[in-house]
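Read the structure below first, then the notes.
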Amino acid sequence: MDYQLVPFYFDSPLLIAAVKVYTHVWTYRLFGESVEFFQSNALRPDFYGYVIQAAGQTVGMGFGTKSEPGQWWHNKVAEKVGSQHPALQNAWVLVELAILPKYRDRGLGLRVQNALLDAQPYPNALLSTQTDNEGARRFYERHGWTYLHPGFAFFDGHPAFCIMHKHLPEKVT
Ligand SMILES: CC(C)(COP(=O)(O)OP(=O)(O)OC[C@H]1O[C@@H](n2cnc3c(N)ncnc32)[C@H](O)[C@@H]1OP(=O)(O)O)[C@@H](O)C(=O)NCCC(=O)NCCS
């Protein structure tokens with residue numbers, strides 16, 4: 001089967017298609033608030049988002065933005081590792097990456113990840129994933145991500161997330 005990577009933006013119908021993948025994969029996420037979440041990210045600096053399509057159907061998606069002081073996620077990570085940590089300088093965060101279950105294990109997650117990392121301009125890429133998400137952790141470990149923090153809860157009583165980092169030396173600051 002042929003797959004096409006297509007960028008999406010704030011006001012693109014593909015943003016809605018990306019949200020549908022997201023709410024399918026994370027069933028506890030509500031559609032309306034997820035649209036707001038995607039749109040608020042799409043307005044941030046250095047937003048890049050891609051969907052991956054098969055025969056016109058959107059089967060996966062990913063997006064991220066610049067990661068900088070003042071952003072909630074960035075500040076939480078900075079509290080744990082120090083705001084001057086080299087990994088947090090000139091950094092971009094891969095906010096979401098998801099492939100529909102029946103399309104996994106055929107290299108699509110890697111294609112979306114690579115397209116996003118190629119498009120964004122920064123030498124440090126960051127992400128968080130639940131510490132018990134072993135499949136995602138293995139995927140990222142295989143593709144050169146290392147642990148910046150082994151895991152903490154962003155909210156009291158919520159699950160722990162590990163923070164991962166990938167250095168991209170080919171990106172000039
Ligand atoms: C994590 C996730 C995005 C990976 O997507 P994917 O499309 O399955 O990723 P890939 O196919 O590129 O790689 C997955 C596995 O398939 C294997 N693979 C890659 N290309 C392949 C191919 N052409 N044929 C068969 N297997 C292949 C890889 O070796 C990899 O193995 P691993 O799991 O042991 O590392 C996907 O599992 C997902 O959406 N999970 C739920 C959401 C999530 O957890 N997101 C990340 C949290 S932030």
So do L116 and W92 actually touch side chain to side chain, heavy atoms under 4.5 Å?
->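 Yes, their side chains come closer than 4.5 Å.
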Could you tell me whether the side chain of W145 reaches within less than 4.5 Å of the side chain of T129, counting heavy atoms only?
->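 Side chain of T129 against side chain of W145, heavy atoms only: no contact under 4.5 Å found.
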Closest approach of H85 and Q89, non-hydrogen atoms and distance?
->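 Closest approach of H85 to Q89: O-NE2, 2.7 Å.
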Looking only at heavy atoms, what is the nearest atom pair of A54 and M1, with distance?
->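 Looking at all heavy atoms of both residues, the closest pair is CB-SD, 3.4 Å.
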Could you see if [X] belongs to whatever hydrophobic cluster contains [Y]? Use Ile, Leu, Val, Met, Phe, Trp, Tyr and a side-chain cutoff under 4.5 Å.
X    : Y    : result
V59  : L110 : yes
Y147 : F139 : yes
F31  : M61  : yes

More than 12 heavy atoms from other groups under 6.0 Å of CD on E170 =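 More than 12 within 6.0 Å, yes.
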Report, one line per pair, each donor and acceptor closer than 3.5 Å where one atom sits in a side chain of residues 149-167; sequence neighbours left out.
{"from": "H149", "atom 1": "ND1", "to": "G151", "atom 2": "N", "distance (Å)": "3.0"}
{"from": "H165", "atom 1": "NE2", "to": "N124", "atom 2": "OD1", "distance (Å)": "2.7"}
{"from": "K166", "atom 1": "NZ", "to": "H143", "atom 2": "O", "distance (Å)": "2.5"}

Candidate pair V93 and H74, rule side chain to side chain contact (heavy atoms under 4.5 Å, CB included), full reasoning = CA-CA 9 Å; V93 56; H74 186 100; over 6 Å; no
Going by the side chain to side chain donor-acceptor pair (under 3.5 Å) test, which pairs reach into residues 44-53, not counting sequence neighbours?
->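 Those involving residues 44-53 are D46-Y122, Q53-T58.
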Listed by chain and number, what are the salt bridge (Lys or Arg N to Asp or Glu O under 4.0 Å) partners of E96, not counting sequence neighbours?
->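 E96: no salt bridge (Lys or Arg N to Asp or Glu O under 4.0 Å) contacts found.
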So F8 and F47, ring-ring contact (aromatic ring centres under 6.0 Å, His included) or not? Walk me through it.
-> CA-CA 10 Å; F8 70 90; F47 169 85; 5.7 Å; yes
Please report the C-alpha distance between W73 and L126 in whole Å, then the side-chain angles of each, then the deciding distance to 0.1 Å, and finally whether the side chain to side chain contact (heavy atoms under 4.5 Å, CB included) criterion is met.
-> CA-CA 11 Å; W73 186 91; L126 302 167; 3.8 Å; yes
Kindly determine whether L88 and L148 satisfy side chain to side chain contact (heavy atoms under 4.5 Å, CB included), including the steps that lead there.
-> CA-CA 10 Å; L88 298 194; L148 187 59; 4.2 Å; yes
Could you grab the distance from atom [atom1] of [X] to atom [atom2] of [Y], nearest 0.5 Å is fine?
X    : Y    : atom1 : atom2 : answer
Y140 : L97  : OH    : CG    : 4.0 Å
I52  : Q57  : CD1   : CD    : 12.5 Å
S67  : N90  : OG    : CG    : 11.0 Å
E141 : T146 : CD    : OG1   : 9.5 Å

Connected hydrophobic set around F10, excluding itself, where side chains approach under 4.5 Å =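 Under the 4.5 Å side-chain rule, F10 groups with L43.
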With T65, which residues qualify under side chain to side chain donor-acceptor pair (under 3.5 Å), at least two apart?
->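 Checked T65 against side chain to side chain donor-acceptor pair (under 3.5 Å); zero matches.
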Listing, residues 18-29 side-chain donor-acceptor contacts under 3.5 Å, not counting sequence neighbours, or none:
{"from": "Y22", "atom 1": "OH", "to": "R29", "atom 2": "NE", "distance (Å)": "3.1"}
{"from": "T23", "atom 1": "OG1", "to": "V19", "atom 2": "O", "distance (Å)": "3.1"}
{"from": "T23", "atom 1": "OG1", "to": "K20", "atom 2": "O", "distance (Å)": "3.4"}

